[in-house]
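Shown next, in structure tokens, is the structure this report addresses.
Residue numbers start from 1 in every chain, and the chains themselves are labelled A, B, ... in the order their sequence lines are given, proteins ahead of strands.
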Amino acid sequence: MGTCIRNLSGGAVLVAADDTWIEGKAIQQLETTARLGGMHRVAGMPDLHPGRGYPVGAAFFSVGRLYPALVGNDIGCGMALWRTDIPTAKLHLDKLEKRLGNLDLPLDETWQEAVASFGLPATGHERSLGTIGGGNHFAELQQLDESYDDAALAALGIERKHLLLLVHSGSRGLGEAILREQVDLFGHHGLEAGSEASAHYLGRHDGALRFAEANRQLIARRMLDRLRADGDVLLDINHNLVSPAQVDGLDGWLHRKGATPSDQGAVVIPGSRGDYSYLVQPIADERSLLSLAHGAGRKWMRSECKDRLASRYSVEQLSRTALGSRVICADRALIYEEAPEAYKAIDSVVGALREAGLVRVLARLKPVLTYKTRGGCC
DNA sequence: ATGTGC
């Protein structure tokens, strides 16, 4: 295995092992962001892949300026892990799938009190609360497959005999509207730290974080309700955000775009919907800008997935995975875009983090039932 | 990514 923390041009750093798939375009985008005004350091995670102008799976630390476009449109996107009281013994996937029903519609009036309990300010995006959204978002029942630290799992309250629930979603249309406002007003030039404009953005940004956290909680509660089960949240970590931070002794702004914080306790790094997810204990390290991969990372562009896979797999085949799990995805284009082949192998991503000394792996989690969408499209 | 753009 080669060195897992590599130096690129422009002072950029990349966390990757020899077997981690990294696209050249993503490296170029990372080096481009390193040259932005006020940018002090950038770090690519092993799930790095090209985005719209800026890479996904990276952290960016700047001084004196901050860049809403580096956080992207899904402000507050993150992972919440719940433990449930659903027994892993004698699982009936047909029953669970039927009970889940449709989770794409807005929450009905019986949820009013639960929604109000978050005390969110009115945004006009209330109809999105409790819905997962599209793209790589999902909610997945999982089971503990392999423990590497029984004591740590016991401390977290994770047991083999009950299913876990992992929710990956964000601020839906709200974050998108906030970024659109920024791009309309200021283009991609970023904001002067301390300015009125930056205070305005940060205020809306913080509102989107709270909205996204509430959304994940409502998604989990709604699923547990449908499954006639109960549960508790174990962790909830945002991976698209900007926060004040000190790096190299400098006060500045740490942007994370598909980069999971490594200074906030245990996190889950999910693979694709047909792959394992890993529960890891981060080891905070400034070399990676206090960040980790947020998932497997795309290997193929969305637009090329159906052409590559349509001759090999039917939609029905893609709804059953090699690990024995099921994927509920009524959107025919999306199920190809989200096929396991379109993503990097999670072992190559988590392996790079482990070899770089950035995580201790606590457990391997196996997918049981994934909800993407029941709506279908067009 | 987006109660999805022309």
*Just how far is it from atom CG of A:Leu100 to atom CE of A:Met223, taken to the nearest 0.5 Å?*
4.5 Å
*Could you state the CZ-P distance from A:Phe138 to B:dA1, rounded to the nearest angstrom?*
11 Å
*May I have the distance from A:Arg52 (atom CZ) to B:dT4 (atom P), rounded to whole angstrom?*
16 Å
_Qualifying side-chain hydrogen bond (donor to acceptor under 3.5 Å, both in side chains) pairs with a residue from residues 261-273 of chain A, counting only residues at least two apart or across chains_ = A:Glu140-A:Arg273
*Is any side-chain nitrogen or oxygen of A:His125 closer than 4.0 Å to OP1 or OP2 of B:dT2?*
no
*asked:* For B:dT2 and A:Arg172 - does any side-chain N or O of the residue sit under 4.0 Å from the phosphate oxygens OP1/OP2?
replied: yes
_Could you tell me if A:Arg308 sits above the aromatic ring of A:Trp300, with its cationic atom closer than 6.0 Å to the ring centre and no more than 45 degrees from the axis?_
yes
_Let's test your reading of the model: under 3.5 Å, does the base of B:dA1 pair with the side chain of A:Asp74 as donor and acceptor?_
no
Quick one: label [X] by what it contacts on the DNA or RNA (base, sugar-phosphate, nothing), any heavy atom closer than 4.0 Å.
X: A:Gly51; answer: nothing
X: A:Gly124; answer: base
X: A:Gly72; answer: nothing
X: A:Arg180; answer: nothing

*asked:* Which label fits A:His294 and A:His49: parallel for a plane angle under 30°, tilted from 30 to 60°, or perpendicular past 60°?
replied: parallel
*Side chains of A:Asp104 and A:Thr373: donor-acceptor distance under 3.5 Å anywhere?*
yes
*Heavy atom of residues 294-310 of chain A under 4.0 Å from DNA chain B: which residues?*
A:Arg302
Throw together a table of side-chain donor-acceptor distances under 3.5 angstrom for residues 154-161 of chain A, partners on residues two or more places apart or in other chains.
{"residue": "A:Glu159", "atom": "OE1", "partner": "A:His162", "partner atom": "ND1", "Å": "2.5"}

